[in-house]
Every structure is written in C-alpha cells, then in structure tokens.
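A quick note: this is a predicted structure, and the numbers were derived from the prediction, not measured. The residues of the chain are indexed from 1 along the displayed sequence.
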Amino acid sequence: MKETKFSFVDKIKRARLYLLRKPPFKPFFLITGLLASIWFLIRVVPKPSRAGYPCMRAAAPFMSGFVIYLLSLTSSLVLFQKLKVLLERRKYLASLIVLFAVIITGTLVLVSQKQQPAFASMPGMNEPPDGANNPMGEEQGIMPGRVVWAWNPDATNANCDNKPGNTYWKYQNNDTAVIRGMVTQSILELSGESNLKGAWDAVFANFNQKKHGEARGYRAGEKIFVKINQGTASWLLTVQEKAAGFKITETSPIQPSWREAYYAATETGPFVVLNILRQLINVEGVAQEDIFVGDPMSNIYHHNFSVWYNEFPDVKYVDKTTEDFHRYFIFPAIAPTMHYSDGGSVLKEEDESYFEEMEAADYLINVACLKAHVRAGVTLCAKNHFGSITRSGAGHLHPGLVSTSDNGLDQSNTGYKKYRVLVDIMGHKYLGQNTMLFIVEGLYGGDAVETKGPRKWNMPPFNGNWSSSIFMSLDQVALESVCYDFLRTEFNGVNQPENYPNWEGVDDYLHQAASSDNWPNGFTYNPDGEGALKSLGVHEHWNSSKTKQYSRNLGGDYGIELKQISGTSVSAQKIASQDFELQTYPNPFTGKIQISFNIKQPSQVKISMFDLNGRLIETLGEKNLEIGNHKFQWNVSGKNLKQGNYVIKLFAQTGGEIFQQSKTVQLVNNNR
C-alpha cells in the first residue's frame, strides 16, 4: 500500500503557491478548500496510507491552502487585537516584541522559500517527497558530486526514423567526430585536467585511493571490464544467427515479427564505447587483451562487434555460449558472492553468482542507457547489472523493484523505505563499488519496453529531437539522480505517453544508497557479508526542469554539480585548424577522386563529405593512422549525386584535441 508523507514545509510551500495565485473568485476558493479538507479528513484519518492516493494528492494543496489561509487570517486578527490591547495599556516594549515576532516569522518563510525552491512541476509529474535541492549522502569523485552532461544535437541525425535500413546505430545517423568530442571533453571536465592522459591518470588515481588507499594510476596487466547494455541479445538472437557469428540483419527471414518489434530496442550503440576503448588503449596505454567488453548474460550484436573488432581485434568481447567468431567465452564463478540483504524475505533468493572475469577485474566501467522502465521506473547503471548474473534471466530480482509486472500495472511495491535490490548492487564490492567510471549513453534515449525503442524527446532543450546526450560521473548516486530527473520530466504522461519514472518511490533506491537514514526500519544492507554499507554517493533533485540547477550550481559547497557542455562547447571548442596538406586529385572530378594528406602525429582520423548545406553525404574512412602520408579514394559512380560543389572534411584527434581541415571539390559529368 502506498505511504506518502508530506512534511510541514512541503505543505506550507504548496499552500503558499496556491495563495500567491490569488484565486479570482474568493467564495469558490473558500468552498473548494472546505470541501477538500472534509474529503481529506474523511478518507485519510481512518486510513493514513490513503494520503498517497492520486485523489488525495490532488486535494492536499487545496486543503493546505485553505488551512493556511484560515491560520493566517486568525493569527493576524489575534496579533492585531493583542497589539491594540498592549498599546492601550502603554506597554510599548511588549508591543514591539509581538511586532518583531511577526516580522521574524515572515522572514523565515521567505528564507525557507529561497533555500527550498518548489518544483516547476508538469501534469503527470510526481514531486519526490525530499523536494528540490535537499542533498543527502556523501559526495564522491575528484570534483565531489560532479555529473557531466554533454549535449549536442549534431551528434545524431534528426532524419533517423529507426526503421530497417535507418536504425540509430548506423554511421549515417551518428556524427562520430562530434561524439568523439563529447566523450573527450566529458572525461576532461570530470577530472579537471587539460589533457586526456592526465585526465585518465586522475580517474584511475581517484578510484585506487578509494579502493586501495593509494592514489596511483593504472598499472600494466590490470584488467578492465566494460559492462554494456545488450539485454535483448540474450533471447532475440536465434540458434542459426549465433552459429553465423551473431550477425543479425534487418532482412533476416527468422521470426520476422520479432525483428520488426524488437530489433531496434534502446541499448548500447557502438560509438561511445569505441571512444572509451580508443582512450584506454591509445592514450592510457592499456593492452587490448586486458580489456573485456560485454553484457555477460547476453551476446553482442554484430552492429556493435564489427565496429569495435575492426579497430581493436585483441580486446576480449565476452560471450557465455561460444568462443567462435572472435568471442571470448566467460565462466561463472564457483561460489556465490552476492548475499541479498533481504535474506530471502522479498526476492526468495539469498545468494547470486557472477562471472570469474568480472570478479577478477581490477576496474569496471559501466556504460548504461538513458531509459524509462516498465518495472523499475528507470533503468540506468545500477539496473544494468541485472545482466551481470550467471542465470538466463533476472526475473527473480523483480520483487525488489517498484513494479513486478511486465505492463507496470502491479504497483503494490511503490513507496519509500522498502527493500530495493538496486542498493545491494550499487554497494557490492564486485559491482558498484568496483566501478571506476559511470556512463549513461543518451544519444538515443527512450523507453525500455523493447517494442518502442528510442524516442525523440520533447522537454527543453531537446524540443522534438533526439536526446543526443552523454552523462558521466565518478559518483554513481549523483549520476542516477540527475538522469532520474531527466527521465521523470520527459516520461510524465505528457511529453511521452508513459509515466513510469513518476511512480511513487522510483527514487527510493537513491535515497537509501545515499544514506542509511532512509533504510527500512531495523534493516541493514550488507551484500558482501562484510559489514553495513556506507553512503555510496550524494542524492538530490534539481530546482526545476527549466534551469536544471543542483546545490553546487546554486553556490553551495555540498551536493550535486551538473556540469553542462553543450552545442558549440562540444563540437567547436576543442576543434582547431591544422595543416594536413590535404590534397584532392583530380579537381574537378567525375567518377573517382583521390584524397591525400599528411599526419604529423599518430591520430584517429575520419574523412567525411558534405554538401554545401552541411548535409552529410558519406563517411569515407575512420581509422587510427601513424605519422606519414596517407591516401583514400572516393568513388561516386552510381551514388545518384548531382553535379556541383562538395566539401571534404578531415577530422583528426591527437591526445585531447580535435583538428580539422576542409577542401571544396567539384563533381562534373557524374554518370549515374
């Protein structure tokens, strides 16, 4: 049964908001307030848990406003009557004290309003009971509580419809140079460093200080496990496709209805992980064979594997069913290491096993997706580990979520201070506490109901475009708190038809991960069997969906800081010109053109062609290149291009900087 508690401050804020709106028809206000109060008392006094019902939440502001109005009126009459009596008796000192008390009370209300700003809520949104800018827990990270949000609409193709042939993970729907810049600058902002090597050294040192008490960098031979989200691959791929190297295609004749319904679900795409691998291997110097990538419960889709393997063939792309087709077979650990803190009272399961390679990893990097969820309300880094267990599914963990049904209709487990399995996961020594870097890929954010896939977002600043975002933090609670605010604003029944993130208690696991004060009465989280968990990070909600400010953004020295890098900051600030001696021959050209250039430092290079309106025509190549001269050939025969001028752009990333050079070419007499 739902249990909602409204604090006195919350009631004052709600009542004040209604009173400040000055109802134009005072009798209507009085009658509505009186009826709401009577209804509230009749329903809630016999059964207090009804306070969380939607009808009661709707009546509460009217009742609070009416009560405060009466109290204010009554208090004013009493005070003025008292002042009159005191003045008539010439007791000026007592009169001054009464007047001073009135002033102080009014000032405190104003200060409370400033310190605890009310949510700018929208229809369908459920205001969390802790309110806005009310941080709890202990901040984590180099910059305590910092969450970096990189947003650039140029990263994604507005014309992507996620239909067969035009799915969101294809090159044509991702500007890989912009995504590379977003990942690069996010790491820099997260660490406070000015170059990538220094940034990664700082991230490793921050983690090792927490884990080993020694602020040291990466050491050769240490293992890194990159956990991705690839859930549908655990069941969507057929036996025939697995035998063919897990290559799934839009035109597959096997179970076509499933292809159409589930093929383009919101899951990890290739390009964020690709850039993390590039930085770990090319910048930090981690050997390919010391990196594992995968979703242990699942396979890896070919559209991801082919991009990663083509550049880094010696990375271990994990799978639990075969070693064929360059996949790395992983083994379940012998003994279970997760001891669920509920002791079997909720999950009916007490222990869980993980894979040897995951438990043996020195570092985890968690790459989740920005998704609402039909059972948990949201699914981010914590729930991403539902795919880390050795079983074929994670249905046994559902009783620890806010809804246990596939359609979200069963919400009997909503509310606060209940056992939440996600807290055990976040606090486990091999999972949340062994994670060096938390990432939420939001280039194409959406719904976790697989048949719906990514959505174009309607809340500002997205305004009908793809979410085009990447979130990173060294504080897992802070990261999930920020992403939760985004998801509850977008998925509120108005911006999107679903309302899952606004169920009561979706953020209960964040409250509990932040502070033991929010644990169920008499309950202890101890997933390792090594003692009660301490705070896993800092939690709070932003002041409004418009300004998106957390306590540190408002000048505080405690709480979350949302560091936003957007638009030109991502795409242009780190991009500078450099002479690559870019040459094209012949120019003008007909069917083919040769592109030559000189690289002065080892670089990650991408060559693309655009029309004069900036529309991407084709990406010609994207490779790691050594110092020296290089040549590419572009063949336009049969590509249905009009005669005219086009722009060839060369992008090269060296260290933490991105450089570009452009060349205009002319196409003539193209025989189609």
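In this structure, the side chains of His373 and Val378 stay at 4.5 Å or more apart for every pair of heavy atoms. Counting only heavy atoms from C-beta outward, the side chains of Val147 and Glu561 never approach each other to under 4.5 Å. At least one side-chain heavy atom of Val293 sits under 4.5 Å from a side-chain heavy atom of Trp308. Looking only at side-chain heavy atoms (C-beta outward), Thr167 and Asn173 stay at 4.5 Å or farther from each other. The side-chain heavy atoms of Gln279 and Thr184, taken from C-beta on, include a pair separated by under 4.5 Å. Put simply, the side chain of Ile470 does not reach to within 4.5 Å of the side chain of Val148, judged on heavy atoms. The shortest distance between side-chain heavy atoms of Glu480 and Val440 does not fall below 4.5 Å. At a threshold of 4.5 Å between non-hydrogen side-chain atoms, the residues Lys563 and Trp149 do not count as touching.
A salt bridge is defined here as a Lys NZ or Arg NE, NH1 or NH2 lying under 4.0 Å from an Asp or Glu carboxylate O, and Glu490 with Lys456 fails to meet this definition. Ion pairing between a basic and an acidic side chain is recognised when a charged N comes within 4.0 Å of a carboxylate O; Asp447 and Arg455 show such pairing. A salt bridge is defined here as a Lys NZ or Arg NE, NH1 or NH2 lying under 4.0 Å from an Asp or Glu carboxylate O, and Lys227 with Asp295 meets this definition.
In plain terms, the two heavy atoms of Gly145 and Asp475 that are nearest each other are CA-OD2, 4.1 Å. When every heavy atom of Gln476 is checked against every heavy atom of Gly432, the shortest pair comes out as NE2-O, 3.8 Å. Among all heavy-atom pairs drawn from Leu667 and Lys642, the shortest one is CD2-O, 3.5 Å. In this structure, Ser467 and Gly442 approach most closely via the heavy-atom pair OG-O, 2.6 Å. Of all heavy-atom pairs spanning Lys170 and Asn174, the tightest one is O-ND2, 2.8 Å. In plain terms, the two heavy atoms of Leu443 and Trp466 that are nearest each other are O-CB, 3.8 Å.
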List the steps and the verdict of side-chain contact (heavy atoms from CB on, under 4.5 Å) for Thr664 and Tyr646. CA-CA 6 Å; Thr664 301; Tyr646 294 86; over 6 Å; no

So Phe597 and Phe580, ring pair (Phe, Tyr, Trp, His ring centres under 6.0 Å) or not? Walk me through it. CA-CA 5 Å; Phe597 52 91; Phe580 294 102; 7.3 Å; no

So Tyr500 and Asn492, side chain to side chain donor-acceptor pair (under 3.5 Å) or not? Walk me through it. CA-CA 8 Å; Tyr500 316 138; Asn492 67 343; over 6 Å; no

Mind running side chain to side chain donor-acceptor pair (under 3.5 Å) on Gln549 and Asn543 for me, showing each step along the way? CA-CA 6 Å; Gln549 292 178 313; Asn543 60 346; 3.2 Å; yes

Tell me, with the steps shown, if Val636 and Lys592 meet side-chain contact (heavy atoms from CB on, under 4.5 Å). CA-CA 6 Å; Val636 302; Lys592 298 179 181 179; over 6 Å; no

Determine, stepwise, if the pair Asp290 / Ile224 fulfils side-chain contact (heavy atoms from CB on, under 4.5 Å). CA-CA 6 Å; Asp290 289 330; Ile224 301 175; over 6 Å; no

Please lay out, stage by stage, how Cys369 and Thr379 fare under the test side-chain contact (heavy atoms from CB on, under 4.5 Å). CA-CA 8 Å; Cys369 296; Thr379 173; over 6 Å; no

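Remark: the backbone N or O of Glu267 is not paired with any side-chain donor or acceptor of Asn229 at under 3.5 angstrom. With hydrogens and angles disregarded, no donor-acceptor distance shorter than 3.5 Å links the side chain of Tyr444 to the backbone of Leu370. Judged by distance alone, the side chain of Ser481 and the main-chain N or O of Leu479 form no donor-acceptor pair under 3.5 Å. Side-chain N or O atoms of Asn366 include none that pairs as donor or acceptor with a backbone N or O of Leu437 at under 3.5 Å. With Lys548 contributing its side chain and Ser545 its backbone, the two residues share a donor-acceptor pair below 3.5 Å. With hydrogens and angles ignored, the 3.5 Å screen pairs no side-chain donor or acceptor of Trp169 with any backbone N or O of Pro270. The backbone N or O of Leu431 sits less than 3.5 Å from a side-chain atom of Thr435, completing a donor-acceptor pair.
When Val307, Asn282, Leu280 are each tested for a side-chain contact (heavy atoms from CB on, under 4.5 Å) with Phe312, only one passes: Asn282.
A centroid separation of 6.0 Å or more is found between the aromatic rings of Phe225 and Tyr363. For Trp542 and Phe486, the ring centers sit closer than 6.0 Å to each other. Aromatic ring centres of Phe305 and Tyr317 lie closer together than 6.0 Å. Between His541 and Tyr484, the distance separating the two ring centers is shorter than 6.0 angstrom.
In the model, Trp151 has no side-chain atom that pairs as donor or acceptor with a side-chain atom of Gln564 under 3.5 Å. No donor-acceptor contact under 3.5 angstrom links the side chains of Tyr309 and Asp314, judged on distance only. Side chains of Asn166 and Gln172: a donor on one and an acceptor on the other come within 3.5 Å. With 3.5 Å as the limit, one finds no donor-acceptor pair spanning the side chains of Thr268 and Glu441. For the 3.5 Å distance criterion, the side chains of Asn299 and Gln230 fail to qualify, holding no donor opposite an acceptor. Side-chain N/O atoms of Lys606 and Thr176 include a donor and acceptor closer than 3.5 Å. Under the 3.5 Å distance criterion, with hydrogens and angles disregarded, a donor-acceptor pair is assigned to the side chains of Tyr301 and Thr232. Defined by atom type and a distance below 3.5 Å, a donor-acceptor pair is present between the side-chain atoms of Glu311 and Asn624.
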Can you list, pair by pair, the side-chain donor-acceptor contacts under 3.5 Å of residues 457-465, counting residues two or more places apart and other chains?
residue: Trp457; atom: NE1; partner: Gly445; partner atom: O; Å: 3.2
residue: Asn458; atom: ND2; partner: Asn495; partner atom: O; Å: 2.7
residue: Asn463; atom: ND2; partner: Pro461; partner atom: O; Å: 3.4

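Counting only residues at least two apart or on different chains, the ring pair (Phe, Tyr, Trp, His ring centres under 6.0 Å) pairs with a member in residues 170-196 are Tyr171-Phe271.
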